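Here, residue 1 is the first one in the sequence, and each next residue gets the next number. The structure presented is a predicted model; accordingly, all values stated were derived computationally and were not measured.
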Amino acid sequence: MITLEELRDRIPALRAHRISLNRQLEALAAELVDRQSCLRLAENLEGFLTRLRHSAQTTSTTSKLRRDLRPDLTETPRARTRTSHFAALRPTDQKIDGAKRQGPN
């Protein structure tokens, strides 16, 4: 056992030690909050980058399709239009859909 005088001598050192421990605890709690924020930010950033990559691939594919199809859509067709073999059998002055059309000569 310690005497009352020894206890009174130790109290200031014990209080200082307690204050030091409380400050360390607060610093660790703040560091934990910072790390959790960084982890959330990293997860959000990873999700954002995934969506961005997907969007870039989709945009790239779409722009390639537009670039490849643009000449086909804007140029005049060079190939003959295909007609049915039965068009030759149609009478020359037959109405189709209410419009008078001439058959092949």
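One finds the NE2 atom of His54 at 14.5 Å from the CG atom of Leu49 (value rounded to the nearest 0.5 Å). Note that the OG1 atom of Thr3 and the CG atom of Asp9 stand 8.0 Å from one another [nearest 0.5 Å]. Rounded to the nearest 0.5 Å, atoms CG (Leu14) and CG (Leu7) are 8.0 Å apart. The line from CG of Leu52 to CD of Gln57 is 10.0 Å long, rounded to the nearest 0.5 Å. Note: Arg23 CZ to Leu28 CG = 14.5 Å, rounded to the nearest 0.5 Å.
With hydrogens and angles ignored, the 3.5 Å screen pairs no side-chain donor or acceptor of Ser55 with any backbone N or O of Arg51. Judged by distance alone, the side chain of Ser20 and the main-chain N or O of Ala16 form no donor-acceptor pair under 3.5 Å.
No salt bridge links Arg40 with Glu43; every basic N to acidic carboxylate O contact stays at or beyond 4.0 Å. The pair Glu31-Arg35 meets the salt-bridge criterion, since a charged nitrogen lies less than 4.0 angstrom from a carboxylate oxygen.
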